[in-house]
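Scope of the values below: all heavy atoms of this structure, side chains included, with no hydrogens, waters or symmetry mates. Worth saying up front: this structure is predicted, and the values here are computed from it rather than measured.
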Amino acid sequence: MLKGTVMAEEKVIVVNPDMFGKDAAAKTAKANEVAKSFGLSDEALAEVENYKEQLTKHDAWDLPFMGYVNEDGYGYAYVPGAAVVHDPYWDAHKAFLALPKDVQTAFAIRMLFTHRPVDRYGASMFLHYERGFNVKFEGVGANKY
């Protein structure tokens with residue numbers, strides 16, 4: 001390393017696919033453990049639950065609420081207008097962006113441990129491009145990209 005050069009601390013999250021088959025409490029506990037290891041507070045984790053309630057209330061779980069959409073074989077792209085519920089109108093991505101940054105990060109970390117690939121990969125993209133994390137899926141059945 002050159003004298004006077006400071007290297008940024010690498011933020012790495014390792015996700016083992018074995019977690020995907022666990023019950024919700026085990027996945028939440030692991031996600032919270034990871035979030036706390038990066039300094040996220042209990043308050044931020046509590047706010048994650050509030051946003052999850054909004055997704056349920058608006059039946060928006062199938063939408064790309066973190067903004068990243070799998071473009072049918074072309075890979076993931078940032079499409080901010082793709083998470084809109086029309087009756088009644090609610091923009092899940094806009095609501096996500098309105099959350100404090102620590103809550104967004106905690107929520108994305110939580111989604112890494114979900115059983116739904118669309119949420120895992122959207123979370124991985126968000127954490128990589130918006131927060132500078134390197135997410136690695138390691139273990140039997142892990143997709144490498």
Side-chain angles (χ1 to χ4, degrees), residues 6-145:
V6 177
M7 295 192 62
E9 181 181 328
E10 185 176 25
K11 298 183 290 187
V12 178
I13 298 174
V14 177
V15 180
N16 188 318
D18 288 343
M19 285 302 301
F20 305 152
K22 305 265 186 208
D23 63 44
K27 290 188 277 191
T28 297
K30 181 62 177 175
N32 288 349
E33 174 188 319
V34 170
K36 286 181 176 185
S37 76
F38 291 103
L40 296 166
S41 68
D42 287 330
E43 293 78 16
L45 298 176
E47 285 298 315
V48 166
E49 296 304 322
N50 292 336
Y51 182 68
K52 285 175 55 185
E53 287 174 14
Q54 290 299 309
L55 287 169
T56 300
K57 175 184 172 186
H58 294 285
D59 194 23
W61 278 102
D62 290 333
L63 299 175
F65 36 81
M66 285 177 280
Y68 291 89
V69 179
N70 188 346
E71 292 284 326
D72 295 327
Y74 295 104
Y76 279 79
Y78 182 66
V79 184
V84 174
V85 176
H86 293 284
D87 189 20
Y89 182 86
W90 186 66
D91 187 327
H93 181 57
K94 189 174 183 179
F96 175 75
L97 293 177
L99 297 170
K101 287 190 177 214
D102 60 340
V103 177
Q104 292 173 5
T105 304
F107 182 82
I109 290 171
R110 176 81 63 90
M111 292 300 101
L112 290 175
F113 294 89
T114 185
H115 65 282
R116 295 166 32 95
V118 65
D119 296 337
R120 285 196 301 266
Y121 297 121
S124 178
M125 297 292 104
F126 173 81
L127 288 166
H128 178 74
Y129 291 111
E130 304 297 328
R131 298 294 185 268
F133 282 88
N134 183 5
V135 178
K136 296 181 179 184
F137 293 92
E138 294 182 354
V140 176
N143 290 333
K144 302 289 182 187
Y145 58 92

Check your understanding: Is there a side-chain contact between K136 and V15 (heavy atoms, below 4.5 Å)?
Key -> no
Check your understanding: Under 4.5 Å between any side-chain heavy atoms of K36 and L45, yes or no?
Key -> yes
Review point. So, for A123 and M111, which heavy atoms are closest and what is the spacing to 0.1 Å?
Key: CB-CB, 3.8 Å
Check your understanding: So, for P64 and A83, which heavy atoms are closest and what is the spacing to 0.1 Å?
Key -> O-CB, 3.6 Å
Point to revise | D119 CG to M66 CE distance, which is reported to the nearest 0.5 Å | key: 5.5 Å
Review point. Backbone N or O of N16 within a donor-acceptor pair of the E138 side chain at under 3.5 Å?
Key: no
Exercise for review: Drop me the distance from H86's NE2 to D91's CG, to the nearest 0.5 angstrom.
Suggested key: 9.5 Å
Check your understanding: What are the two closest non-hydrogen atoms of A60 and A92, and how far apart are they?
Key -> CB-CB, 4.3 Å
Practice item. Go through the side-chain N and O atoms of E130 and Y78 and say whether any donor and acceptor fall under 3.5 Å apart. Key: no
Check your understanding: Rounded to the nearest 0.5 Å, how far does CZ of F137 lie from CG of L112?
Key -> 5.5 Å
**Study point:** Any side-chain heavy-atom pair of D102 and S41 under 4.5 Å
**Key:** yes
Review point. Quick one: CD on E47 to CD on E53, what's the gap to the nearest 0.5 Å?
Key: 10.0 Å
Review point. Cation-pi between K11 and F133: NZ/CZ under 6.0 Å from ring centre and within 45° of the ring axis?
Key: yes
Exercise for review: Check the pair Y121, Y68 against side chain to side chain contact (heavy atoms under 4.5 Å, CB included), reporting the backbone distance first and the verdict last.
Suggested key: CA-CA 8 Å; Y121 297 121; Y68 291 89; over 6 Å; no
Point to revise | Side-chain heavy atoms of I109 within contact of L40, under 4.5 Å | key: yes
Check your understanding: Residues two or more places apart in sequence or in another chain: which of them pass ring-ring contact (aromatic ring centres under 6.0 Å, His included) with F65?
Key -> W61, F107
Check your understanding: Would you call V84 and W90 a side-chain contact if the rule is heavy atoms closer than 4.5 Å?
Key -> no
Exercise for review: May I ask you to check if R110 and Y51 form a cation-pi contact, with NZ or CZ under 6.0 angstrom from the six-membered ring centre and within 45° of the axis?
Suggested key: no
**Study point:** Approximate separation, where rounding is to 0.5 Å, of K27 NZ and M19 CE
**Key:** 8.0 Å
Review point. Has K52 got more than 12 heavy atoms of other residues, nucleotides or ligands less than 6.0 Å from its NZ?
Key: yes
Check your understanding: Has D59 got more than 12 heavy atoms of other residues, nucleotides or ligands less than 6.0 Å from its CG?
Key -> no
Exercise for review: State the CD1-OG distance between I13 and S124, to the nearest 0.5 angstrom.
Suggested key: 8.5 Å
Exercise for review: In sequence, state the C-alpha distance, the side-chain angles, and the governing distance for V135 and H128, and then conclude on side chain to side chain contact (heavy atoms under 4.5 Å, CB included).
Suggested key: CA-CA 7 Å; V135 178; H128 178 74; 5.9 Å; no
Exercise for review: Specify the closest pair of heavy atoms between R120 and T114, including all atoms of both residues, with the distance to one decimal.
Suggested key: NH1-O, 2.8 Å
